Amino acid sequence: MEITANDPNRKSWLTVAVTSDFPIQNIPFGVFLTKDDIITIGTRIGDYAIDLAALHQLGYFEGIPLTDDIFLQDTLNDFIADGRKTWRLVRNRIAEIFDENNASLKDNATHREKIIFTIDEIEMQLPVNVGDYTDFYASKEHATNVGCLFRDPENALLPNWLHIPIGYHGRSSSIIPSGTPVRRPVGQSRPAEGTNTPGFGPSKLVDFELEMAFITTRANDLGERISIEEAENYIFGLVLFNDWSARDIQAWEYVPLGPFLGKSFASTISPWIVTLDALEPFRVNNPEQVHEPLPYLKKEGKDSYDINLQVGIQPEGAEETIVCNSNFKYMYWTMAQQLAHHTVNGCPVNAGDMMGSGTISGPTKDSYGSMLELSWRGQNPLTLKDGSQRKFINDNDTVILRGYAQNESVRIGFGECTGKVLPAKE
């Protein structure tokens, strides 16, 4: 089915700034609370939020096989479960409705009042009920940096890393939407030198992790696997993802079973899910892999995406400082490889499941995706615009993630993914 929503020449009758992340070619999906305290599924064009439930009830999706209540939900899970054909039909129809040459809604003031809101009139919600969440460790530059910091630099990557997408099962209950404050966690840390008693108290090493995450639809039954060729058919879209870390808690607990309390206190996602269909024009060649992947992970073609990523830190009452500029295309293991590997043992994947990319670091120091790397474990503090220094994230700092893909015709973005760190509770 043709993706007509991606037509780079299409313009909307809604006003859209040239620099907007949300032109008519984007049409992301999210969940928001209206000014009338109604939760609805919607999309966004420019600085306007569009109530898809109202659009559906007023007959604008006629001819598309949708249940009456498909958009009358507080999550996108049911819509995602309908599959790629439905997603494409809906995006294509939305593009038609808001095309500058289509007057059906444009000239109907009564309908417009029920369907269209300005962004400042709504409150974004968590877009999906995340049943399961997996976090990968798929950036070669990040894994190498961490290996150099904590092990022998000559053996920074463990032998399995170049053969297998490493991941762990995370805690979905602490995934939160952008704008939700993050409370500094409390926990155990390594014993001080010369003692056997662990430290205990607020984490001193709270860190951001620049990631992206993909949302899946129902894909397979228990015992079945998803082939590498079919994997992307089961990926609905992407969000920005800040997988907060408490490095001191994590360092004490992670041997022998891996991340736990140092990761599960909060993970922030951007509220609009940008579909893979919208990102289709930004496919690029996969990174060259050191070893030929095993057959179930091997696929020719362009399965990486050129998405510019940025991180800023804003102290309370001060100007923001950009500390990182990276790109999603640096990921060593692609989304298709991650999903194929995730299910090769027969693990079932459901609608609304989320898979984090792992920290995305690039080849240069300014592209490192965490404070652990940017400050090189605190040895090289960063100086912010207000003159203060950071080894890690301070109380009342706001961390801001941004992401967008751009070519000569169109810019497709994700908006912002923000979180302010609050002091630990006593």
Side-chain angles (χ1 to χ4, degrees), residues 1-32 40-56 58-66 70-71 76 79-106 111-112 115-117 119 127-128 214-215 217 232-239 270-283 302 305-307 335 403-415:
M1 182 194 306
E2 185 181 359
I3 311 174
T4 58
N6 288 5
D7 180 357
N9 297 314
R10 189 190 298 273
K11 298 187 185 311
S12 174
W13 49 264
L14 290 172
T15 302
V16 182
V18 175
T19 56
S20 174
D21 280 351
F22 302 100
I24 194 172
Q25 291 81 7
N26 191 337
I27 311 179
F29 294 93
V31 175
F32 57 82
T40 186
I41 288 173
T43 188
R44 177 173 177 174
I45 297 176
D47 287 332
Y48 296 95
I50 297 154
D51 184 341
L52 295 183
L55 200 66
H56 186 23
L58 291 168
Y60 287 89
F61 289 119
E62 185 179 357
I64 299 176
L66 299 170
I70 191 70
F71 298 123
L76 281 159
F79 175 64
I80 293 171
D82 261 13
R84 175 167 277 189
K85 181 180 178 180
T86 296
W87 314 333
R88 285 186 176 174
L89 286 170
V90 168
R91 279 189 74 247
N92 286 348
R93 179 65 58 82
I94 294 168
E96 292 171 10
I97 294 166
F98 288 91
D99 188 287
E100 64 180 352
N101 297 314
N102 189 335
S104 59
L105 177 58
K106 178 183 178 182
H111 284 189
R112 288 203 317 271
I115 291 168
I116 303 171
F117 302 86
I119 288 298
V128 290
F214 65 87
I215 310 297
T217 187
E232 283 198 359
N233 290 334
Y234 300 104
I235 297 175
F236 175 62
L238 283 160
V239 293
S270 54
W272 294 106
I273 303 175
V274 177
T275 63
L276 279 198
D277 279 353
L279 295 167
E280 185 67 24
F282 305 99
R283 285 181 178 270
K302 297 180 177 181
Y305 293 81
D306 184 2
I307 302 172
M335 291 184 288
Y404 67 92
Q406 188 166 12
N407 57 28
E408 64 281 356
S409 302
V410 69
R411 171 188 173 116
I412 303 294
F414 293 78

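These figures come from a predicted structure and were not determined experimentally.
Of all heavy-atom pairs between Pro8 and Ser409, the closest is CB-CB, 3.7 Å. The two atoms that bring Pro127 and Gly30 nearest to each other are CB-CA, 4.4 Å, heavy atoms only. The minimum heavy-atom distance linking Val410 with Pro23 is given by the pair CG2-CG, 4.0 Å. A pairwise comparison of heavy atoms in Pro281 and Asn407 identifies CB-ND2, 4.0 Å as the closest pair. Here the shortest heavy-atom pairing between Ala5 and Ile27 reads CB-CD1, 4.2 Å. What you find for Leu105 and His111 is that their closest heavy atoms are CD1-CB, 3.6 Å.
Although no hydrogens or angles enter the test, the distance criterion places a donor-acceptor pair under 3.5 Å between the side chain of Asn102 and the main chain of Glu96. No donor-acceptor pair closer than 3.5 Å links the side chain of Thr217 to the backbone N or O of Gly83. No donor-acceptor distance shorter than 3.5 angstrom exists from the side chain of Arg44 to the backbone of Ala49, with no hydrogens or angles considered. In terms of modelled atom types and a separation under 3.5 Å, the side chain of Asp99 and the main chain of Ser12 share no donor-acceptor contact. At least one donor-acceptor pair under 3.5 Å links the side chain of Arg84 to the backbone N or O of Glu232. A distance-only check finds no donor-acceptor pair linking the side chain of Asp47 to the backbone of Thr15 [under 3.5 Å]. Here the side chain of Arg10 pairs a donor or acceptor atom with the backbone of Thr4 at under 3.5 angstrom. Remark: the backbone N or O of Ile80 is paired with a side-chain donor or acceptor of Trp87 at under 3.5 angstrom.
Residues Val16 and Ile24 have side chains not in contact (no heavy-atom distance under 4.5 Å, counting atoms from C-beta outward). Using a 4.5 Å heavy-atom threshold, the side chains of Ile3 and Arg88 count as touching. At least one side-chain heavy atom of Leu276 sits under 4.5 Å from a side-chain heavy atom of Met335. Considering only heavy atoms from C-beta on, Thr40 stays 4.5 Å or farther from Leu52 through its side chain. Between Ile45 and Phe22, the closest side-chain pair of non-hydrogen atoms is not below 4.5 Å. Taking 4.5 Å as the limit, some side-chain heavy atom of Ile273 sits within range of a side-chain heavy atom of Phe236. The side-chain heavy atoms of Leu238 and Phe414, taken from C-beta on, include a pair separated by under 4.5 Å.
For Phe61 and Phe71, the distance between ring centers is under 6.0 angstrom.
Atom-to-atom distance recorded for Lys85:NZ and Leu89:CG is 6.5 Å, nearest 0.5 angstrom. Between Phe282 atom CZ and Ile307 atom CD1 the span is 9.0 Å, to the nearest 0.5 Å. Between atom CZ of residue Phe32 and atom OG1 of residue Thr43 there is a gap of 9.0 Å, rounded to the nearest 0.5 Å. Remark: Asp7 CG to Glu2 CD distance equals 8.5 Å, nearest 0.5 Å.
Screening residues 20-32 for side-chain hydrogen bond (donor to acceptor under 3.5 Å, both in side chains), with sequence neighbours left out, gives Asp21-Arg411.
Each of Asp51, Val90, Ile70 was scored for a side-chain contact (heavy atoms from CB on, under 4.5 Å) with His56, with one residue passing: Ile70. With respect to Val128, the side-chain contact (heavy atoms from CB on, under 4.5 Å) criterion is satisfied by exactly one of Ile215, Val31, Val239: Ile215.
Under the 3.5 Å distance criterion, with hydrogens and angles disregarded, no donor-acceptor pair is assigned to the side chains of Tyr60 and Arg93. No side-chain N or O of Thr275 forms a donor-acceptor pair with one of Asp277 less than 3.5 Å apart.
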Q: Test Phe29 against Trp272 for ring-ring contact (aromatic ring centres under 6.0 Å, His included), laying out the working first.
A: CA-CA 6 Å; Phe29 294 93; Trp272 294 106; 8.8 Å; no

Q: Applying side-chain contact (heavy atoms from CB on, under 4.5 Å), run through Ile412 and Tyr404 and close with a yes or a no.
A: CA-CA 6 Å; Ile412 303 294; Tyr404 67 92; over 6 Å; no

